[in-house]
Amino acid sequence: MFSLPRAEWSEPVRVRFAPSPTGYLHVGGARTALFNWLFARHNRGTFVLRIEDTDLARSTEESVTAILDSLRWLGLDWDEGPDIGGPYAPYVQTERLDLYQHYAQKLVEAGRAYWCFCTPEELEERRQQARDNQEAWKYDRKCLHLTPQEQERLRGEGRQPVLRFYSEDTGATVVDDLIRGRMRFENDVLEDFVLLKHDGVPTYNFAAVVDDASMKITHVIRGDDHISNTPKQIQIYRALGWEPPKFAHLSMILGPDHTRLSKRHGATSVGQYKDNGYLPEAMINYLALLGWSLNATEQIFSREELIRHFTLERVGKNPAVFDNQKLEWMNGVYLRKLSPEQLTQAAWPFMQAGGLVQEPSPAEAPAEVRQRVQRALQLMQTRVRTLAAFPEAVRYFFTADNPVEEAAAAFLAQPGAAARLQKLADRLEATEPFHQENIQAAFAAVQEELGISAGELIHPARAALTGRKVSPGIYDVVELLGRDESVRRLRQAAGRS
RNA sequence: GGCCCCGUUGUCUAGCGGUCUAGGACGCCGCCCUCUCACGGCGGUAGCAGGGGUUCGAAUCCCCUCGGGGCUACCA
């Protein structure tokens with residue numbers, strides 16, 4: 001049985017991720033971007049990146065850069081966007097102001113929009129009054145029937161009007177959501193919302209519609225905080241005589257307290273996860289599972305597998321709590337998949353930040369240093385879950401005088417410990433060549449000579465060599481430390497105990 | 001308050017009327033491996049929000065209640 005190529009007969013898929021540059025890329029935004037990207041790639045469609053910077057007060061250039069950086073780090077590449085252009089450029093809303101003006105004019109001409117001179121203060125007053133009377137507030141259309149003369153007069157007074165949409169009074173707007181099914185909204189609950197702000201800049205609902213339509217977006221996949229905007233947008237499409245795209249609303253990502261995930265819950269930006277030592281592959285995989293699943297049995301998916309299997313039908317509709325523990329576990333899974341070279345490359349910046357290496361990259365380090373770092377990282381590869389944990393985990397391989405943990409000190413304080421360490425030092429000093437097999441033999445010889453168990457020698461040795469109670473296998477530790485350093489540490493500890 | 005969305009173990013989820021004494025994953029607990037820790041292997045813990053229907057039969061369909069969330073801006 002062959003499956004037919006998907007969506008081959010209909011128009012090619014075009015989706016977009018449209019962040020507003022008012023901060024960093026949030027994991028919720030990243031998940032939305034990911035689902036759009038997966039949908040586009042799965043359907044061999046186009047993934048568009050558009051910057052929605054109509055909030056002049058809060059949008060910043062730094063945010064744009066940060067968001068683009070995070071998307072690149074995640075490997076979510078776009079086919080059209082602000083930096084690379086495309087057939088529907090520009091991809092930044094503040095560079096498309098003429099377009100919104102043009103369609104605003106069309107709406108005015110069609111009698112579907114009108115100028116409103118009410119000031120925010122006046123509106124607030126009336127809103128408050130409605131609240132006091134326990135009434136639901138909806139813009140009262142005070143300015144709907146202003147004559148041209150009255151409008152002139154108000155403008156003369158220096159009032160800068162907003163443009164309001166004349167929304168439908170009767171009937172209902174139905175949305176057939178690809179994830180949620182049919183949703184129905186009574187039109188009379190919608191007020192005449194603002195299309196153009198007093199400075200002529202469009203509001204989100206207007207700009208998004210004009211752009212989605214003019215950019216030929218076929219599927220709008222976004223967070224469910226936009227569900228209540230959808231009927232407004234559909235009405236705009238209708239008023240302009242346009243065919244609305246298909247909608248798919250993703251449920252929110254929640255914090256542990258089941259409220260919308262926010263800074264209060266700790267790390268929430270993609271950049272923070274990068275800085276905290278997470279791998280982009282792990283992040284992608286984890287985010288994909290937040291709302292999507294193939295069969296609930298498989299958890300680990302490569303990028304290619306996600307693309308191959310991703311469909312909107314398998315996206316769930318219930319909100320998901322972001323689980324840092326599972327992300328961490330998954331990061332560990334991906335960490336263990338890395339080759340020694342990849343591991344070294346990935347962990348290097350953290351090693352540098354931890355002060356264990358000087359060079360900014362493995363390529364710039366002497367081969368000997370590189371080898372040593374690589375080996376140390378390998379020894380900890382199954383024992384650590386984030387890249388950021390490496391420096392602390394391997395520190396004693398790189399520093400001469402290491403603090404001795406309390407638990408480790410107990411091993412050194414045991415009667416006879418000093419003699420054992422002394423003997424071990426002597427043996428190791430004479431071990432040649434200094435490799436695993438011979439090192440193990442040296443340990444065995446001391447044990448036999450002293451008539452003690454492996455643990456009775458190894459535990460104090462570990463304490464002496466690492467200052468810790470736990471470490472990688474002791475023979476690995478000794479080998480990497482090298483003969484001179486191992487002997488030195490053993491004797492030093494023996495002398496102290 | 002109004003409108004809308006959602007509701008399977010602590011968390012992510014499978015389940016689309018019978019194969020469910022509800023499966024997988026994270027977490028947690030125990031055992032094995034073992035020089036410690038981790039990895040790995042094995043096992044355990046815990047759930048269909050509640051109540052009414054429909055049906056021979058409901059986690060699955062309908063209604064109500066309850067709970068959670070979102071929107072209700074000249075923010076997106």
Side-chain angles (χ1 to χ4, degrees), chain A residues 18-22 52-55 57-59 116 118-120 123-124 127 130-131 134-138 160-164 175 177 179-180 183-186 189-191 193-205 207-208 222-232 249 251-252 254 256-260 286 289-300 313-314 316-330 332 336 379-385 393 407-408 411 443 453-459 461-463 466 468-475:
Chain A
S20 65
T22 55
E52 307 213 326
D53 57 349
T54 54
D55 185 344
R58 295 198 303 144
S59 296
C116 168
C118 300
T119 65
L123 288 169
E124 187 44 48
R127 250 195 290 263
R131 258 198 295 274
Q134 303 269 46
E135 289 161 14
W137 162 263
K138 204 170 116 173
Q160 293 181 303
V162 299
L163 186 70
R164 284 188 185 270
V175 182
D177 190 277
I179 292 170
R180 281 148 218 279
M183 297 184 287
R184 185 190 160 88
F185 301 84
E186 294 302 324
V189 304
L190 272 192
E191 70 170 350
F193 54 91
V194 172
L195 258 19
L196 253 30
K197 307 178 207 176
H198 70 89
D199 56 2
V201 176
T203 56
Y204 163 73
N205 282 121
R222 70 211 326 185
D224 77 356
D225 47 334
H226 287 300
I227 286 181
S228 35
N229 286 320
T230 310
K232 298 182 192 176
H249 288 97
S251 278
M252 314 240 84
L254 274 25
D257 61 354
H258 289 241
T259 61
R260 184 193 192 132
Y286 178 69
L289 257 29
L290 235 41
W292 174 86
S293 71
L294 178 61
N295 51 25
T297 302
E298 293 168 76
Q299 307 284 325
I300 304 300
E313 290 77 64
R314 295 215 53 87
K317 38 189 173 186
N318 35 348
V321 173
F322 194 90
D323 183 0
N324 273 300
Q325 282 190 311
K326 185 159 182 177
L327 203 214
E328 203 175 287
W329 162 77
M330 194 168 276
R336 276 173 248 129
L379 291 182
M380 288 309 297
Q381 191 167 15
T382 62
R383 292 166 233 258
V384 122
R385 288 182 151 194
F411 286 119
F443 272 77
S453 70
E456 287 171 309
L457 180 59
I458 289 171
H459 292 307
R462 169 170 290 115
T466 70
R468 302 183 187 187
K469 191 181 60 175
V470 307
S471 82
I474 198 68
Y475 312 126

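A, B, ... follow the sequence lines: proteins, then strands. Residue 1 opens every chain.
Rounding to whole angstrom units, CE of residue A:Met330 and C1' of B:C12 are separated by 9 Å. Rounded to whole Å, atom P of B:C35 lies 12 Å from atom CD1 of A:Ile474. Put simply, CZ on A:Phe322 is 12 Å from P on B:C12, counting in whole angstrom units. Whole-Å rounding puts the A:Glu328 CD to B:C28 C1' distance at 15 Å. Per the geometry, OH belonging to A:Tyr204 stands 16 Å off P belonging to B:A73, to the nearest Å. Computed from coordinates, the A:Phe411 CZ to B:C37 C1' distance equals 12 Å when rounded to whole Å.
For the pairing with A:His249, the side-chain hydrogen bond (donor to acceptor under 3.5 Å, both in side chains) check across A:Asp225, A:Thr230, A:Asp224 returns one residue only, A:Thr230. Tested against A:Pro472 for a side chain to side chain contact (heavy atoms under 4.5 Å, CB included), the candidates A:Gln381, A:Arg383, A:Arg462 yield a single pass: A:Arg383.
Listed pair A:Asn205 / B:A73 fails the phosphate criterion, with no side-chain N or O lying under 4.0 Å from OP1 or OP2. Distances shorter than 4.0 Å separate none of the side-chain N or O atoms of A:His249 from OP1 or OP2 on B:C4. An OP1 or OP2 oxygen of B:C75 is reached within less than 4.0 angstrom by no side-chain nitrogen or oxygen of A:Thr203. Close to B:A14, at under 4.0 Å from its OP1 or OP2, lies a side-chain N or O of A:Ser293. Close to B:A73, at under 4.0 Å from its OP1 or OP2, lies no side-chain N or O of A:Lys138. Applying the 4.0 Å criterion to OP1 and OP2 of B:G2, one finds that A:Arg131 has every side-chain N and O outside that range. Of the side-chain N and O atoms in A:Arg385, one or more sit less than 4.0 angstrom from OP1 or OP2 of B:G27. For A:Arg336 and B:G40, the shortest distance from a side-chain N or O to OP1 or OP2 is below 4.0 Å. For A:Arg260, no side-chain nitrogen or oxygen approaches OP1 or OP2 of B:A76 to under 4.0 Å. Considering only side-chain N and O atoms, A:Lys317 lies nowhere under 4.0 angstrom from the phosphate OP1 or OP2 of B:G7.
For the P atoms, the distance from B:C62 to B:G2 is 24 Å, rounded to whole Å. Nucleotides B:G47 and B:U11 are separated by 12 Å at their P atoms, to the nearest Å. Between B:G67 and B:C26, the distance separating the two P atoms is 35 Å to the nearest Å. B:G27 and B:U13: their C1' atoms are spaced 15 Å apart (whole Å). Between the P atoms of B:A14 and B:C35, the separation comes to 44 Å (whole Å). Nucleotides B:G53 and B:U9 place their P atoms 25 Å apart, quoted to the nearest Å.
Closest to the A:Arg164 side chain, of the nucleotides B:C74, B:C37, B:C35, is B:C74. In this structure, the nucleotide among B:C74, B:C6, B:A25 sitting nearest to the side chain of A:Lys326 is B:A25. Each of B:C6, B:G27, B:C35 was ranked by its minimum atom distance to the side chain of A:Trp329; first place goes to B:G27. Nearest nucleotide to the A:Asp323 side chain, out of B:G69, B:U11, B:U36: B:U11.
In terms of the ring-ring contact (aromatic ring centres under 6.0 Å, His included) criterion, A:Phe185 has no residue partners (sequence neighbours excluded).
Between A:Asn229 and A:Glu191, it is A:Glu191 whose nearest contact on RNA chain B lies nearer the 5' terminus. If A:Ser228 and A:Val321 are placed on RNA chain B by their nearest nucleotide, the residue sitting closer to the 5' end is A:Val321.
The base of B:A76 does not come close enough to the side chain of A:Asp225 for any donor and acceptor atom to sit less than 3.5 Å apart. Contact annotation: side chain of A:Arg383 to base of B:C37, donor-acceptor pair present below 3.5 Å. One can find a donor-acceptor pair under 3.5 Å joining the base of B:C35 and the side-chain atoms of A:Arg462.
Remark: side-chain polar atoms of A:Lys197 are paired, donor with acceptor, to backbone N or O of A:Thr54 under 3.5 angstrom. Checked by atom type and distance alone, the side chain of A:Ser251 pairs as donor or acceptor with a backbone atom of A:Lys317 at under 3.5 Å.
No more than 12 heavy-atom neighbours from other residues, nucleotides or ligands sit within 6.0 angstrom of NZ on A:Lys469.
Between A:Glu124 and A:Arg131 there is a salt bridge, since a side-chain N of the basic residue sits under 4.0 Å from a carboxylate O of the acidic one.
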